[in-house]
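I have placed the structure first, in the form of structure tokens, so that the comments after it can refer back to it.
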Amino acid sequence: MKNNAKKSIKIGGINIPLNYWTGIAVYAVILLILAICMIVYTGSCLKKYENSQSDKVMNDFLNDFTKMAADKTLADNIELPASSEFEGKDTFVNMYMSELDGTTDYTYKKSEGSYNTEEPMYDIYADDKKVARMTLEAKDQHVVLGILTVFDWKVKSIEPVFSAKTNDYTVSIPEGYTFTVNGITVSDDYKTGKVTENPDFVNVSKYVTMPKSVEYKLTGFVNKPEIKIYNASGSEVTANVDAKGNVSVAASGNSADMPSERKEEALNMAKIWDNFLTNDLSGSGHGLATVQQYLIEDSYYWNLAKDYASSADITFISDHTLSGNPYTGVTVDNYIEYNDDCYSCHIAFTKNMTLTAGGARKDVIDSTFYFVKYDGRWAIVDMIATTK
């Protein structure tokens, strides 16, 4: 007779069916497989998490930085300060890139004070010299194992660690003048708002409006610029340059050829003033009324002449005579018209006198004379001695 009883294993007096053990074995195998899968998955996640740390991806970004530095494309991916518009936009870029030439080793280190986990910063060194700061930016973040955040990264910015010695300059020119820097005309945007009066015009400006000087500020120059000044008529003029490179031109008018009649008139007024000083004018008050014809009432020189005519100083002039033509070395030049009612010119001459007591004396005039049209006539308003 066939035995249909189920096979079993007796343990401790208890018969346990064999298929029970088979089920246990299968279940154990399944658990083992799941455990292995879990271990593999967990390991994969941990490795993915570890590899997603910013310190790990920086190796790839550093390689990219090295390649860009080598092929000069780094200049397109850095944020350098803008150089002066008068020097060219690539001035700082070229200087920075030249500092990387010859670099054999690039390294990186976490920047001090970099605490933002989603935007970490790293300092990049070229042969131990810090040359850049790279900021990363987290993107496409997701969570693994329910607790670990994995980031993908991209470079947010590369800031050069770079310093260049630059210089600033001021340019002071008369109103109506223009100037260029490295061939580029400078606009009024560079004006500082500072307006000054030429000290030579202190007496003149009481009677006519004289040109003032305006100031410009130029900043951020790596190289010394070429600055050219042009007057209102477009002609280049010579400028004064100080030790720091600041440029100035005294406020003046337009140089022109002096009409012969005006030259003769100006020289005559200068001679009359000099004759008054040497007590060579006739009339009361040592010729005061004569010289005052060429002065403005109550002006500085009007009052100076009045005080001199009544002082003891004029009586100390030694008696002398003048020859028929006592003036030698006569010069009238540097004629400048400021407007229709004002001009100046340089007048120089030597007046030769023979003293009554014997001997000779010379009186030298060498000044820039300023003339103003006042009440329909030309008058002397200032005389500034030539300094040598």
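We count residues from 1, following the sequence as given.
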Near-ring test Phe369/Trp273, centroid separation under 6.0 angstrom:
no

Ionic contact status for [Y] with [X], cut-off 4.0 Å:
| X | Y | result |
| --- | --- | --- |
| Asp340 | Lys373 | no |
| Glu175 | Lys212 | no |
| Asp101 | Lys72 | yes |
| Lys156 | Glu119 | yes |

What distance separates Tyr106 OH from Leu62 CG, expressed to the nearest 0.5 Å?
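Those atoms lie 9.0 Å apart.
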
Measure the CD-OH distance between Glu337 and Tyr335 for me, rounded to the nearest 0.5 Å.
3.5 Å

Return yes when atom [atom1] of [X] has more than 12 non-hydrogen atoms of other residues, nucleotides or ligands closer than 6.0 Å, and no otherwise.
| X | atom1 | result |
| --- | --- | --- |
| Lys271 | NZ | yes |
| Lys67 | NZ | no |
| Asp257 | CG | no |
| Glu112 | CD | no |

List, by chain and number, the other hydrophobic cluster members for Val237, where Ile, Leu, Val, Met, Phe, Trp and Tyr join if side-chain heavy atoms come within less than 4.5 Å, directly or indirectly.
Phe86, Tyr169, Val171, Ile173, Tyr177, Phe179, Val181, Ile184, Val186, Tyr190, Val195, Val214, Tyr216, Leu218, Phe221, Ile227, Ile229, Val241, Val247, Val249

In the hydrophobic cluster built from side-chain contacts under 4.5 Å, what are the other members alongside Met210?
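Other cluster members: Phe201, Val204, Tyr207, Val208, Ile296, Ile336, Tyr338, Tyr370, Val372, Tyr374, Val381, Ile384.
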
Identify the two heavy atoms, one from [X] and one from [Y], that lie closest to each other, and give their separation to 0.1 Å.
| X | Y | answer |
| --- | --- | --- |
| Asp71 | Met68 | OD1-O, 3.0 Å |
| Phe276 | Ile314 | O-CD1, 3.9 Å |
| Trp153 | Phe61 | O-CZ, 3.8 Å |
| Met258 | Ala266 | CE-CB, 3.9 Å |
| Thr170 | Asn246 | N-OD1, 2.9 Å |

Chi angles and distances behind the side chain to side chain contact (heavy atoms under 4.5 Å, CB included) call for Val155, Glu137:
CA-CA 6 Å; Val155 176; Glu137 183 177 34; over 6 Å; no

Is there a side chain to side chain contact (heavy atoms under 4.5 Å, CB included) between Tyr125 and Tyr108? Walk through the geometry before answering.
CA-CA 6 Å; Tyr125 295 81; Tyr108 68 87; 5.9 Å; no

With sequence neighbours left out, write down each residue that passes side-chain contact (heavy atoms from CB on, under 4.5 Å) with Asn240, or none if nothing qualifies.
Ser248

Could you give me the CA-CA distance, side-chain angles and deciding distance for Val332 and His346, then say whether side chain to side chain contact (heavy atoms under 4.5 Å, CB included) is met?
CA-CA 6 Å; Val332 181; His346 166 245; over 6 Å; no

Chi angles and distances behind the ring pair (Phe, Tyr, Trp, His ring centres under 6.0 Å) call for Trp378, Tyr294
CA-CA 7 Å; Trp378 288 102; Tyr294 307 106; over 10 Å; no

Determine whether Thr354 and His320 satisfy the following criterion, side chain to side chain contact (heavy atoms under 4.5 Å, CB included), listing intermediate values before the conclusion.
CA-CA 5 Å; Thr354 302; His320 59 272; 5.9 Å; no

Would you mind telling me which of Lys129, Arg133, Lys110 makes a salt bridge (charged side-chain N to carboxylate O under 4.0 Å, His left out) with Asp123?
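Testing Asp123 for a salt bridge (charged side-chain N to carboxylate O under 4.0 Å, His left out) against Lys129, Arg133, Lys110 leaves exactly one candidate, Arg133.
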
